[in-house]
Amino acid sequence: MKIEVDLGKCQDHGQCVYAAPDLFALDDDGRLTLRRQTAGVYTADVDDMNAEELHEAAEVCPLQAITVHE
């Protein structure tokens, strides 16, 4: 699985952190911490065992900035 977070849409509301704390975190400044970032998009490969949390995070994102690719 792969996730993408459109950083142009993301406003660091943190709902993804509550839905999937093993996958997302906020830094000390309250901004989404990123593993890999290119051209305004955060991408990461995710184990299938985290699929439920990942889909929940995408669903609760108020700006629909998270996309899940199976």
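When reading the values below, keep in mind they use all heavy atoms of this one structure, side chains included, and skip hydrogens, waters and symmetry mates.
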Take His55 and Met1 through the side-chain contact (heavy atoms from CB on, under 4.5 Å) test and state the conclusion after the steps. CA-CA 11 Å; His55 285 286; Met1 296 185 92; 3.5 Å; yes

Kindly indicate, with the supporting measurements, whether the criterion side-chain contact (heavy atoms from CB on, under 4.5 Å) is fulfilled by Gln15 and Val17. CA-CA 5 Å; Gln15 297 304 308; Val17 176; over 6 Å; no

For Gln11 and Leu63, what are the C-alpha separation, side-chain angles and deciding distance, and is it a side-chain contact (heavy atoms from CB on, under 4.5 Å)? CA-CA 8 Å; Gln11 293 184 2; Leu63 298 169; 3.5 Å; yes

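Gly30 approaches Asp12 most closely through the heavy-atom pair O-CB, 3.4 Å. When all heavy atoms are compared, the tightest approach of Cys16 to Leu32 is SG-CD1, 3.9 Å.
No donor-acceptor pair under 3.5 Å is formed between the side chain of Asp6 and the backbone N or O of Ala65.
Taking NZ of Lys2 as the reference point, atom OG1 of Thr67 lies at 11.0 Å (rounded to 0.5 Å). Between His13 atom NE2 and Cys61 atom SG the span is 7.5 Å, to the nearest 0.5 Å. For the atom pair OH of Tyr18 and CD of Glu53, the computed distance is 15.0 Å after rounding to the nearest 0.5 Å.
Cluster annotation: Ile3 and Leu26 are assigned to the same hydrophobic cluster (Ile/Leu/Val/Met/Phe/Trp/Tyr, side-chain heavy-atom contacts under 4.5 Å, transitive). No continuous path of ILVMFWY side-chain contacts below 4.5 Å connects Leu54 to Val60, so the two sit in separate hydrophobic clusters.
Other residues, nucleotides and ligands place more than 12 heavy atoms under 6.0 Å from the CD atom of Gln64.
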